[in-house]
Amino acid sequence: MKQAIQVAADDLTNTVTICRKSYVHEAVVEAFEQGKLNGVKKSSSGRYPPARQILAEVVSAQPTR
């Protein structure tokens with residue numbers, strides 16, 4: 001996770017802290033830390049779902065505050 005945020009921060013010419021707080025949803029960080037992103041299953045076609053779909057599902061599963 002840290003490496004991905006570093007790459008995004010570099011691309012956006014931001015610091016890692018600013019990038020994480022401004023662009024990375026906390027639900028994604030929590031899901032990564034809990035290993036939930038490792039359990040994604042391939043579809044019947046043998047492909048993984050697009051990353052945007054996986055992340056949208058993680059974020060939408062969060063209870064509203």
Side-chain angles (χ1 to χ4, degrees):
M1 176 68 72
K2 185 177 179 180
Q3 186 178 14
I5 295 172
Q6 179 66 59
V7 170
D10 291 346
D11 286 349
L12 297 167
T13 61
N14 279 322
T15 65
V16 171
T17 302
I18 295 295
C19 187
R20 184 171 186 261
K21 290 183 183 237
S22 299
Y23 303 109
V24 181
H25 197 286
E26 190 60 33
V28 175
V29 175
E30 290 175 13
F32 176 80
E33 290 173 345
Q34 295 171 3
K36 293 179 180 177
L37 300 180
N38 293 331
V40 176
K41 294 183 175 32
K42 292 182 180 180
S43 68
S44 59
S45 66
R47 294 184 169 178
Y48 288 105
R52 66 183 174 277
Q53 178 183 340
I54 297 166
L55 297 176
E57 290 171 4
V58 166
V59 171
S60 67
Q62 282 293 108
T64 55
R65 295 182 186 190

Flag, side chain of Ser22 to backbone of Cys19, donor-acceptor distance under 3.5 Å: no
Glu33 CD to Glu26 CD distance, which is reported to the nearest 0.5 Å: 7.0 Å
Lys21 side, atom NZ; Thr15 side, atom OG1 - distance, nearest 0.5 Å: 10.0 Å
Residue pair Met1 / Val28, side-chain heavy-atom distance below 4.5 Å: yes
Hphob cluster co-occupancy, Ile5 + Val59, side-chain heavy atoms under 4.5 angstrom: yes
ILVMFWY network linking Val7 to Val24, side-chain heavy atoms under 4.5 angstrom: no
Let me have the donor-acceptor pairs involving side chains of residues 42-50, under 3.5 Å, with sequence neighbours excluded, atom names and distances please.
unit_1, atom_1, unit_2, atom_2, d
Ser43, OG, Ser45, N, 3.3
Ser43, OG, Ser45, OG, 2.8
Ser43, OG, Arg47, O, 3.2

Gln3, CD atom: more than 12 neighbouring heavy atoms under 6.0 Å: no
Atom pair OH/CG of Tyr23 and Leu12 - distance to nearest 0.5 Å: 5.5 Å
